[in-house]
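In what follows, chains carry the letters A, B, and so on, assigned in the order in which the sequence lines appear, proteins first and then strands, with residues in each chain numbered from 1.
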Number of protein chains: 2
Amino acid sequence: MPATTTPIVSATNTNVASLADRRLLHETVIDQLRDLIVQGELAPETKLNERVLAEKLGTSRTPLREAIKFLASEGLVELLPNRGAAVAPLKPEKMKEVFVVLGALEALAGDLACRNASEADITEIRALHYHMLAHHARGELAQYFRYNQQIHIKFMECAGNETLAQIYRGLNAHVKRARYMANLSRERWDKAVKEHEDMLDALVKRDGVRLQTLLRDHLANKLVMVMEALAIPRVEAKQ
Amino acid sequence: MPATTTPIVSATNTNVASLADRRLLHETVIDQLRDLIVQGELAPETKLNERVLAEKLGTSRTPLREAIKFLASEGLVELLPNRGAAVAPLKPEKMKEVFVVLGALEALAGDLACRNASEADITEIRALHYHMLAHHARGELAQYFRYNQQIHIKFMECAGNETLAQIYRGLNAHVKRARYMANLSRERWDKAVKEHEDMLDALVKRDGVRLQTLLRDHLANKLVMVMEALAIPRVEAKQ
DNA sequence: CGCCCTTATTTTGCATACAAAAAGTGATTG
DNA sequence: CAATCACTTTTTGTATGCAAAATAAGGGCG
């Protein structure tokens, strides 16, 4: 609405998408590209053709390349000198590594959360927990994951360490890629829920040591699930 | 000083630096820029003027901007929408956060190293350790830091988790920035060396639990040193 | 003298242009 | 028929151009 004297759309530039958009293009592109990768629309090891992708995202190659560099630093994209870039492969070996680190980070977060979480925080986590339980009971996997994620993120928030949270988000993006292919058995699912019960209990009692242990185990179990998911599928045998 | 005379050098491109250089320009730029930031040549909160920096690094704005995006993801650079980028500020608060996370990561690495390190690895660490001792004895701070760093890096290698190592390197870059201003008191220095003695001992005995504790404490002490360094200086009060 | 508004200047953000590198393509030859 | 080489097309890497945003510089007015 503002400014607007600009009557005619002038010469060269001008993109249709520029409604009230205040964000920077390359930032939008980072998010779009990350989503494409995390949600598996761009499968692991897919080469990123700059011309095609730029067209698809409605931009030019320059912001796209900037976004690629950014995501390369996050590890979602691999740079191939003189050959562009590709979606980072999703290897079981890498997943193991990520989960080991995530275990340590979540344990740390749990410990910090036990010290720093306010009563309001705990109430909020409890609420998320019950939402999660409800979706578990109804067998709604996607919704379950959503609340599950939110609980873990809330833990991170309670830890009050933005550096920790940022690294967590980065690693979690890797895990999410894998999780989209996971088909949880009822048994494992029930177990994961049980673990969350214990975790909530430990938090309420502010038992940091126990929460750490629980989180590490929880992550280890998640790893098993992801590994199973990775072992089974591969609809198309890339490589 | 500026290009101007550039007599022939063919049509458009062609940089003198392209000897047998096989690396990609923007990768070189990433490393150069990171060094400038880590070593404090570009002080915290310095605005990165693209034209000036590109000239200084002997390239055009495009690869520079890509490098900036990469380093922004590492957290060394802050992106200011429509206002370019600046060297990330070096706040005590941030340092605290980084050290807490580093503590957890190094503890994890120590634990893993106790399981995975080969005898050859331990021999190598011992060698580095004695080099470090020698420089400590002679009061050679810079050299001491070098070997100190190498020991920590070697720990990471022994852990055999590349994901862990990568995150460590990223966080460590932040710490290094601060350390360049640290002026170690002899007392603290001696203490740090003593801690390294203990760490080596724990590794040799493969006592992962003790090593974890030692590393966490070691990091906590390092934080104190860095905080002191940050509290004192600021030679020039920017802004 | 300070403040706000207008107008230059600089700087950023994005698009495009062009050369070098890689990937195809096809014909020739052993 | 596979392999190699010359040639074409595509794709990447970097530089440059141009418009919008931000910043600096005047200039009138209280």
Whole angstroms only, please: what is the [atom1]-[atom2] distance between [X] and [N]?
| X | N | atom1 | atom2 | result |
| --- | --- | --- | --- | --- |
| Leu25(A) | dA19(D) | CG | P | 18 Å |
| Arg65(A) | dT16(C) | CZ | P | 16 Å |
| Ile68(A) | dG13(D) | CD1 | C1' | 12 Å |
| Arg83(B) | dT10(C) | CZ | C1' | 14 Å |
| Leu79(B) | dT11(C) | CG | C1' | 15 Å |
| Leu57(A) | dG13(C) | CG | P | 19 Å |
| Leu80(A) | dG13(D) | CG | P | 9 Å |
| Asn82(B) | dA21(D) | CG | C1' | 6 Å |

Worksheet item: Do the side-chain N or O atoms of His26(A) get closer than 4.0 angstrom to the phosphate oxygens (OP1, OP2) of dG13(C)?
Response: no
Fill in: Asn49(A) side-chain N/O to dT11(D) phosphate OP1/OP2 under 4.0 Å
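Yes.
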Fill in: 5'-most by nearest nucleotide on DNA chain C - Glu66(A) or Val52(B)
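Nearest-nucleotide comparison on DNA chain C picks Val52(B).
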Worksheet item: Is a donor-acceptor contact shorter than 3.5 angstrom present between the side chain of Arg61(B) and the base of dG13(C)?
Response: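 Indeed, a donor on one side and an acceptor on the other fall under 3.5 Å apart.
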Fill in: Any donor-acceptor N/O pair under 3.5 Å between dT16(C) base and Thr62(A) side chain
yes
Discussion item. Contact between Leu33(B) and Phe70(B) at the side-chain level, heavy atoms closer than 4.5 Å - yes or no?
Written reply: no
Worksheet item: Is there side-chain contact between Lys154(B) and Asp121(B), with heavy atoms separated by less than 4.5 Å?
Response: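 They are in side-chain contact.
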Discussion item. Classify Leu48(B) by what it touches in the nucleic acid, base, sugar-phosphate, or nothing, heavy-atom distance under 4.0 Å.
Written reply: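 It contacts sugar-phosphate atoms only.
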Discussion item. Exactly one of Glu74(B), Glu157(B), Glu162(B) should register a salt bridge (Lys or Arg N to Asp or Glu O under 4.0 Å) with Arg169(B). Which one does?
Written reply: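 Among the candidates, only Glu162(B) passes.
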Let's see if you can work this out: which of [options] has an atom nearest to the side-chain heavy atoms of [X]?
| X | options | value |
| --- | --- | --- |
| Thr59(B) | dT12(D), dA15(D), dG13(D) | dA15(D) |
| Glu50(B) | dG13(C), dA15(D), dA15(C) | dG13(C) |
| Lys47(A) | dA21(C), dT11(D), dC14(C) | dT11(D) |

Worksheet entry | Under 3.5 Å side-chain donor-acceptor pair for Thr28(A) and Asp31(A) |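 Per modelled atom types, Thr28(A) and Asp31(A) side chains form no pair under 3.5 Å.
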Worksheet item: Under the criterion ring-ring contact (aromatic ring centres under 6.0 Å, His included), which of Phe145(A), Tyr147(A), Tyr144(A) is the partner of His131(A)?
Response: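 Testing His131(A) for a ring-ring contact (aromatic ring centres under 6.0 Å, His included) against Phe145(A), Tyr147(A), Tyr144(A) leaves exactly one candidate, Tyr147(A).
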